[in-house]
Amino acid sequence: MRETAAQDLLDWYDTHARTMPWRVPPADRKAGVAPDPYHIWLSEVMLQQTTVAAVTEYFRKFVARWPTVADLAAAEDADVMAAWAGLGYYARARNLLKCARTVASEYGGQFPRTRAGLEKLPGIGPYTSAAISAIAFDQPETVVDGNVERVMARLHDEHTPLPAAKPILTQQAEALTPQHRPGDYAQAVMDLGATICTPRNPACGLCPWRTPCTARQAGTAPELPKKTPKKAKPVRRGIAYVGRRADGAWLLETRPDSGLLGGMLGWPGSDWSEAPAPPPAPPVDTDWHPLEGEVRHTFTHFHLILAIQTAWLPQDAAPSAGGFVPSAEFRPADLPTVMRKVFDLAQTSLR
DNA sequence: CATGCGTGGGG
DNA sequence: TCCCCAAGCAT
């Protein structure tokens, strides 16, 4: 690898950097403008396994409502979970609050600048610690995300499948990281992977690294990185009960903090299982009506088919699960997507 | 080290 | 319709 590879990429970044609400453009950065570490942390957590397009509006909403890490630390749990609803991987939201409260109470509202310091905080792992340290504080740390893995695999024509190849690709990425402008370099590699060195149909002709790229020379770029095959998703089934009290209040429950959709609002119902199971007792003993359709939703590791039962509940109902949310306080947007799908299907029969 | 953990968009 | 994928982390 030529010693100028990093500089070639930085030159490309100077003219091709994507614009994002949390990002300081390279020209401003050169002029001495530093990013807000709170913004970088928040965006990096939101971006874990999540697209820039999906994150952008959530980021704006969070920063408008909680402008500093101290503001976020002071927020109610339920408000943060509701604001995160729809973004997925809800453990991130719970860890986000834990982290904000730790930074506010134990670090005087200042994020640690080092990888090691950052990695002690909840929800911050090897990637995110490197990203915050590099981008927010311009430390020469190496970020290794899915983009970097793909770019390195192609640059070095590495055919070892992921995740076994991860240590090799990490070493290759470290060897390329410059001491000069490490924060912009980190963002540049990821922009390259997102816009040029894409998973399918990479635009090799436009790539600032087209000359040194060995996979391009070998014609193997589009098939890299190799990955070990994934398991098929099983189908699970369950029942959800959508109940509405005579005064219009909805019967909802806050799910346990750990596990699937942990800490989020949802409709009471059965467990979701592959094997047929006897329907559980409904949360209120009354006359429930099955809906015609079903809700289909796919999670990371299974497909779900949900049958829906609805009922109007007496004003004095004492549910065995969940509690009543007044109609005026209920916002479907506060539900995780699968639960919002249930609501969309059920609401027409409860008006 | 393998698994659990969401969602929406694109091919 | 389906599969793949996206700035991973915790256990």
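Each chain gets a letter, A, B and so on, in the order the sequences are listed, and its residues count up from 1. Computation of the quantities below employed the complete heavy-atom set of this structure, encompassing side-chain atoms and omitting hydrogens, waters and symmetry-equivalent molecules.
- For the pair Gly86(A) and Pro163(A), nearest-nucleotide mapping onto DNA chain B gives the more 5' position to Pro163(A).
- Contact check, Lys233(A) against dC2(C): no side-chain N or O comes under 4.0 Å of OP1 or OP2.
- Taking 3.5 Å as the limit, the base of dG8(C) and the side chain of Tyr127(A) contain no donor-acceptor pair of atoms between them.
- Residues Lys341(A) and Gly259(A) each lie close to DNA chain B; by heavy-atom proximity, the contact nearer the 5' end of the strand is made by Gly259(A).
- For the 3.5 Å distance criterion, the side chains of Arg150(A) and Thr198(A) fail to qualify, holding no donor opposite an acceptor.
- In the set dT7(B), dA10(C), dG4(B), the nucleotide with an atom closest to the side chain of Phe299(A) is dT7(B).
- As rounded to whole Å, 15 Å separates atom P of dA7(C) from atom OH of Tyr185(A).
- Residue Leu260(A) places its side chain closer to dC5(B) than to any other of dC9(C), dC5(B), dA7(C).
- Judged purely by distance below 3.5 Å, without hydrogens or angles, the side chains of Arg92(A) and Thr50(A) pair a donor atom with an acceptor atom.
- For Phe59(A) and Trp22(A), the ring centers are positioned less than 6.0 Å apart.
- Which of dG8(C), dA7(C), dT7(B) sits closest to the side chain of Gln48(A) comes down to dG8(C).
- Across all strands shown, Gly262(A) has no heavy atoms under 4.0 Å from either base or sugar-phosphate atoms.
- Phosphate proximity of dT7(B) to His297(A): present, with a side-chain N or O under 4.0 Å from OP1 or OP2.
- Put simply, Gln49(A) has a side-chain N or O that comes within less than 4.0 Å of OP1 or OP2 on dG8(C).
- Donor-acceptor pairing under 3.5 Å, judged by distance alone, is absent between the side chain of Arg200(A) and the base of dA6(C).
- Note on Arg150(A): a side-chain N or O is less than 4.0 Å away from OP1 or OP2 of dA6(C).
- Between Arg18(A) and Pro122(A), the residue anchored closer to the 5' end of DNA chain C is Arg18(A), taking for each the nucleotide with the nearest heavy atom.
- Nucleotides dA2(B) and dA7(C) have their C1' atoms positioned 23 Å apart, rounded to a whole Å.
- Rounded to whole Å, atom P of dG4(B) lies 19 Å from atom CZ of Arg92(A).
- Chaining together hydrophobic side chains whose heavy atoms lie under 4.5 Å apart places Leu251(A) alongside Ile239(A), Tyr241(A), Val284(A), Trp288(A), Leu313(A), Phe324(A).
- Residue contacts for Thr128(A): at a heavy-atom cut-off of 4.0 Å it reaches the sugar-phosphate backbone alone, with no base atom in range.
- Atom CG in Asp257(A) sits about 15 Å away from atom P in dA10(C), given to the nearest Å.
- Between His301(A) and dG4(B) there is no side-chain polar atom (N or O) within less than 4.0 angstrom of OP1 or OP2.
- A sub-4.0 Å separation between OP1 or OP2 of dG8(B) and a side-chain N or O of Arg340(A) is present.
- Going from atom CG of Leu47(A) over to atom P of dG8(B) covers 16 Å, rounded to whole Å.
- In this structure, the ring of His297(A) has its center less than 6.0 angstrom from the ring center of Phe299(A).
- From Met264(A), atom CE reaches atom CG of Leu252(A) across 11.5 Å, with rounding to the nearest 0.5 Å.
- Between Leu87(A) atom CG and dC5(B) atom P the separation is 18 Å, expressed in whole Å.
- Tyr38(A) has its ring centre no less than 6.0 Å from the ring centre of Phe62(A).
- Within 4.0 Å of Arg23(A), counting heavy atoms only, lies at least one base atom of the nucleic acid.
- Each of Glu44(A) and Ile124(A) lies near DNA chain C, and the nucleotide nearest Glu44(A) is the one positioned closer to the 5' end.
- If you check distances only, the side chain of Thr51(A) never reaches the base of dG9(B) with a donor-acceptor pair under 3.5 Å.
- Residue contacts for Trp84(A): at a heavy-atom cut-off of 4.0 Å it reaches no nucleic acid atom on any strand shown.
- Rounded to an integer number of Å, the gap from Glu223(A) CD to dC5(C) P is 13 Å.
- Straight-line distance between the P atoms of dC9(C) and dG8(B): roughly 22 Å, to the nearest whole Å.
- Considering only side-chain N and O atoms, Lys231(A) lies nowhere under 4.0 angstrom from the phosphate OP1 or OP2 of dA2(B).
- In this structure, Met20(A) reaches the bases: a heavy-atom distance under 4.0 Å links it to at least one base atom across the strands shown.
- In this structure, the NE2 atom of His303(A) is 8 Å from the C1' atom of dC2(C), given to the nearest Å.
- Here Thr50(A) lies in heavy-atom contact (under 4.0 Å) with a base.
- In this structure, Tyr89(A) atom OH and dC5(C) atom P are separated by 13 Å, rounded to whole Å.
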